[in-house]
Amino acid sequence: MAAVTALKTWEIAPNAGLKRVILTLANTVDATDTFAITLADYGISATGLLAVYSWVHTTDGSVITVEANTTAVSAGVLTVTIAAGTNNDFRVIEIIGRADTGVFA
């Protein structure tokens, strides 16, 4: 598994308590590659992650479909593993999280 990095990152409403971050990945990303996101880099608490969404451009700039990537969080780092299927496709990942600690009780 190769590690990938974001081409571009957008943070929506950077000073808000709810963070929404859009990351784009190069069209060289392959199935089963991994991508690590340190949540604190985007103002998201280590336990504040709420949602992760992923899309793949099966034809760059044209056909876009939802992609079911696998995710895990450990010590405030979100790891996204690209789903099996296609290689060398442009991908978009959206993460949503809270700036404060989540309440789970």
Any chain of hydrophobic side-chain contacts (each under 4.5 Å) joining V52 to V56? no
Taken to the nearest 0.5 Å, the spacing of T47 OG1 from R98 CZ works out to 8.0 Å
Are V29 and V63 grouped together when hydrophobic residues (ILVMFWY) are joined by side-chain heavy atoms under 4.5 angstrom apart? no
Under 3.5 Å, side chain of N87 to main-chain N/O of A31, donor-acceptor pair present? yes
Would you call T79 and T71 a side-chain contact if the rule is heavy atoms closer than 4.5 Å? no
d(R91 CZ, I64 CD1) to nearest 0.5 Å is 13.0 Å
Please report the shortest heavy-atom distance between N69 and A83, naming the atom on each side. OD1-N, 2.7 Å
Rounded to the nearest 0.5 angstrom, the CD1-CG distance for I44 and L49 is 6.5 Å
L23 vs Y42 side-chain heavy atoms within contact, under 4.5 Å: yes
CD1 on I37 to CD1 on I93, rounded to 0.5 Å: 5.5 Å
Nearest-0.5 Å distance, OG1 of residue T59 to CG of residue D89: 8.0 Å
Can you tell me how far OH of Y53 sits from CZ of R20, rounded to the nearest 0.5 angstrom? 9.0 Å
Over all heavy atoms of both residues, which pair between K19 and A99 is shortest? Give the atoms and the distance, please. CE-CB, 4.3 Å
Identified side chain to side chain contact (heavy atoms under 4.5 Å, CB included) counterpart of H57 within the set V92, T24, T65, N27: V92
Judged by atom type as modelled, is there a donor-acceptor pair below 3.5 Å linking the side chain of D33 to the main-chain atoms of I82? no
Report whether I96 and V77 are members of the same hydrophobic cluster (ILVMFWY, side-chain heavy atoms less than 4.5 Å apart, transitive linking). no
Test item: L39 and I95 side chains (from C-beta on) under 4.5 Å apart, heavy atoms: yes
